There are 2 protein chains.
Amino acid sequence: MSTTASGTTAAAATNSSATPRAGKRAHNFNAGPAALPLAVLERIREELIDYRGTGMSVMEMSHRSPEFEAINNAAEQNLRKLLAIPEDYAVIFVQGGGSMQFTMAPMNLALPGKPVDVLHTGAWTAKAISELKKGTLHTIAATTEPVKFTRVPNAGEIKLSADASYTYLCTNNTIEGTQYHALPATAAPLVADMSSDICSRPLDVSRFGLIFAGAQKNLGPSGVTVVIVRKDLAERADKNLPTLLQYRTHIKEKSLYHTPPTFAVYILSLVTEWMAAEGGLPGIQKRNEAKAKLLYDAIDASGGYYHCPVEKASRSLMNVVFRVGGSSSQPGDENLEKEFGKQAAAAGLVGTPGHRSVGGMRASLYNAVSVEDVQALVSFMKEFQRAKG
Amino acid sequence: MSTTASGTTAAAATNSSATPRAGKRAHNFNAGPAALPLAVLERIREELIDYRGTGMSVMEMSHRSPEFEAINNAAEQNLRKLLAIPEDYAVIFVQGGGSMQFTMAPMNLALPGKPVDVLHTGAWTAKAISELKKGTLHTIAATTEPVKFTRVPNAGEIKLSADASYTYLCTNNTIEGTQYHALPATAAPLVADMSSDICSRPLDVSRFGLIFAGAQKNLGPSGVTVVIVRKDLAERADKNLPTLLQYRTHIKEKSLYHTPPTFAVYILSLVTEWMAAEGGLPGIQKRNEAKAKLLYDAIDASGGYYHCPVEKASRSLMNVVFRVGGSSSQPGDENLEKEFGKQAAAAGLVGTPGHRSVGGMRASLYNAVSVEDVQALVSFMKEFQRAKG
């Protein structure tokens, strides 16, 4: 697939511009579900009705067929290679998204009388806390709410429990545009919501007890969730829990206890194959850093017209949030922001409005977003400022 | 789409034969995931990279975009029309398959001190019972285990509780090949696992309190589950349950509380559109009855060489189970059955081996399986008997 992937990426690049482009690929900055590599979409299309001579779509194959078992194994093995996942960790595919993990993680890993330490950094950790409040002992070990979640916590402000079940964090905060660039040191296992930055850069999995990620940002379509869990921790769970909500069920059956979301797993296998062909996570990281630098530099060089509220050390490489029309009296202008979103969409730049809960703008720069997409956005921003600023 | 659908069905029919057909569509008798209408697959392929001029795949679109909201609404409205679902019922799309409903249904609908009455008819009700055993008061109101699940219960053998929370049944038993052709009369609401016969025939939804179905048999790909629930019953649930496991969460947010499996919902919208164009459920039922008759007649006319263990009044129109190589001394011959499965696959007839737990053969005749597919199977069976019988 590597030849196809490179060829297609080059072809896609020639289509890139900030002008309206009927029938052309959009510059897709959606926060998730989000852009997928064109080479992967082309491969899906090619195999859609007849998967490699089987006379069937992947969607029509039994999940117990040798063909699907090969796909399921490839998805797991591709992830294991990309992330160098140690042998004592299981990799499983489940349903329900990150939101289901807000329930499953404490249900399986919280020990009686030992609190879950939470690092609270925004809307997604707030959702996790809501589920903990339904009966799991927990403490807020740090919160950046007083600074409006414009950064992740500093090492000095994290107050860990002596006997925590685990420490919970969200490595990248999609809505607030913050990301950890160093992990906090903890004695308890780290449990991480990595939905929006998994596979965006190399990772030391051995620092974690459990990592979960909805696929719909960097790994594939929505409908499949990756869980990487240290096998011994999965054994903490009460065997009387609902079967489907025990990690051990999926570990034991290699994600085939019940019918998996087969097509989503297939696409995940293709996206992870594409990542390997793109230089693996070091290659992906290099491109992600270049993309983020392009955009943050453009914001910082705008003389305050564009403004990123996030502290520099916590800026996310995945989700760049910014305001438009800043002046000495205000950081941004809501009317100009609406106009920005509309004009950008008309120019083929999709998904730039910020999350409905916070407003402003947001450009998500997941792995499948190209340098050319970001260049198109930066050109549009300069033109918009020239016309309106 | 109706023109395309008919045109394609006709075209597919000319490809039908029981000879090996490299690159041709398989005759797909898989039990689920299962055959999808070719017209639907072609439409998916056509729209895969650029959904109706958006420059994106459906997989790449935000679930909060107007385009996806239209898809989500279409999926719901199509189901409402096909099944004539009353206004006081909600239709929601969730994740986790039927297996998750084994947990969610009692979690939401069981009332303290009021048992769940279960009609036990095979492997799938057994799984539901396993989850009930984890803490929900329940009774086995009937079981056909003593007759090896070769039929569904008769009205006379069902012993209902006076104060049941609900009566639970599986309307079609995929593994055992049985199906209810009349519903039991109960005072308590009926809760039905309809995964393998939903939308196979018209249905009086008002007889039910809750219906659930994994999509991967008659409605689409795996990864999305349809729940039809009487709204007042969804209000029974404790608000302290995990948010994602409460039906009311998904009802209130129209299945968009969290990121749904967008591509699977899109395909469900296309499959339900295809069903409407095929004459709605009356048209679908007529074809399903014709298909099942073709196959059961062939079995019954084989002089005992083929043998269906299911009592005639309980025979499933969806999953036809049968043995091969029957004689006066035994109902079937395992070696011949292995040979049958292999030769059938070589002839392009996929998915005929029975479930691994029961053996024998099984042909699943879901909506997207054509009369021509069944004719090809019957021809193959005659030829196999002639050669081996």
Side-chain angles (χ1 to χ4, degrees), chain A residues 21-26 28 30-36 38 41-42 44-45 48-50 53-57 59-64 95-100 102-103 130-131 134-135 214 216 221-224 240-245 257-264 267 348 350-351 356, chain B residues 21-26 28 30-36 38 41-42 44-45 48-50 53-57 59-64 95-100 102-103 130-131 134-135 214 216 221-224 240-245 257-264 267 348 350-351 356:
Chain A
R21 313 164 321 136
K24 300 277 174 59
R25 290 277 293 163
N28 187 342
N30 279 330
L36 287 166
L38 181 57
L41 290 173
E42 288 175 334
I44 298 167
R45 184 171 63 179
L48 191 79
I49 292 182
D50 182 8
T54 57
M56 290 179 283
S57 175
M59 287 182 254
E60 301 179 295
M61 298 184 337
S62 168
H63 56 296
R64 311 257 176 230
Q95 297 184 53
S99 297
M100 185 62 88
F102 299 156
T103 293
S130 292
E131 299 306 315
K134 292 177 176 173
Q216 67 269 18
S222 59
V224 60
N240 204 40
L241 288 172
T243 309
L244 226 53
L245 298 179
Y257 169 74
H258 68 144
T259 315
T262 53
F263 201 66
I267 298 173
V350 172
R356 61 201 190 288
Chain B
R21 315 163 322 136
K24 301 276 172 61
R25 290 278 292 163
N28 186 343
N30 279 330
L36 287 167
L38 182 57
L41 290 172
E42 288 175 334
I44 298 167
R45 184 171 61 179
L48 191 79
I49 293 183
D50 182 9
T54 58
M56 292 179 282
S57 176
M59 288 182 252
E60 301 178 295
M61 299 186 334
S62 169
H63 56 297
R64 311 260 175 225
Q95 297 183 54
S99 297
M100 185 62 87
F102 299 157
T103 294
S130 293
E131 299 306 316
K134 293 178 176 173
Q216 67 270 17
S222 60
V224 61
N240 204 39
L241 288 172
T243 309
L244 227 52
L245 299 179
Y257 169 74
H258 68 144
T259 313
T262 53
F263 202 66
I267 298 172
V350 173
R356 62 201 190 288

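All values below were derived from every heavy atom in this structure, side-chain atoms included, with hydrogens, water molecules and symmetry-related copies excluded. The sequence lines fix the lettering, A, B, ..., with proteins before strands; numbering per chain opens at 1. Since this is a predicted model, take the numbers as computed values, not measurements.
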Is A/M100 in contact with chain B via its backbone, its side chain, both, or neither, using a 4.5 Å heavy-atom distance? both
Honestly, the part of A/I44 sitting under 4.5 Å from a heavy atom of chain B is both
Using non-hydrogen atoms only, which part of B/N240 is less than 4.5 Å away from chain A: side chain, backbone, both, or neither? both
What pairs with B/Q95 under side chain to side chain donor-acceptor pair (under 3.5 Å), at least two apart in sequence or on another chain? none
With chain A as the partner, which of B/P261, B/P33, B/S222 has the greatest number of non-hydrogen pairs under 4.5 Å? B/P33
Side-chain donor or acceptor of B/E131 paired with backbone N/O of A/T243 under 3.5 Å: yes
A/L41 versus chain B, heavy atoms under 4.5 Å apart: side chain, backbone, both or neither? both
Can any side-chain N or O of A/N28 pair as donor or acceptor with the backbone N or O of B/E60 at less than 3.5 Å? yes
Given the options B/P242, B/G223, B/A264, which has more heavy-atom pairs under 4.5 Å with chain A than any of the others? B/P242
Check whether A/K24 reaches the backbone of B/G55 with its side chain - one donor and one acceptor, N or O, closer than 3.5 Å. no
Is B/L244 close to chain A through its backbone or its side chain, or both, or neither, when contacts mean heavy atoms under 4.5 Å? side chain
Find the one option among B/V350, B/L245, B/L48 whose heavy-atom pairs under 4.5 Å with chain A are most numerous. B/L48
Counting heavy-atom pairs closer than 4.5 Å to chain A, which one of B/S130, B/A31, B/G97, B/A35 comes out on top? B/A35
Partner chain A: residue of B/G32, B/S57, B/P221, B/G96 with the largest heavy-atom pair count (under 4.5 Å): B/G96
Given a strict heavy-atom distance threshold of 4.5 Å, which part of A/T54 is in contact with chain B: side chain, backbone, both, or neither? backbone
Can you check whether A/N30's main-chain N or O pairs, donor with acceptor, with B/S62's side chain at less than 3.5 Å? no
Residue among A/L241, A/L36, A/I267 with most heavy-atom pairs under 4.5 Å to chain B: A/L36
Can you tell me how far the NE2 atom of A/H258 sits from the CZ atom of B/F102, to the nearest 0.5 Å? 10.5 Å
Starting from the C-alpha separation in whole Å, work towards a yes-or-no answer on side chain to side chain contact (heavy atoms under 4.5 Å, CB included) for A/Q216 and B/H63. CA-CA 11 Å; A/Q216 67 269 18; B/H63 56 297; over 6 Å; no
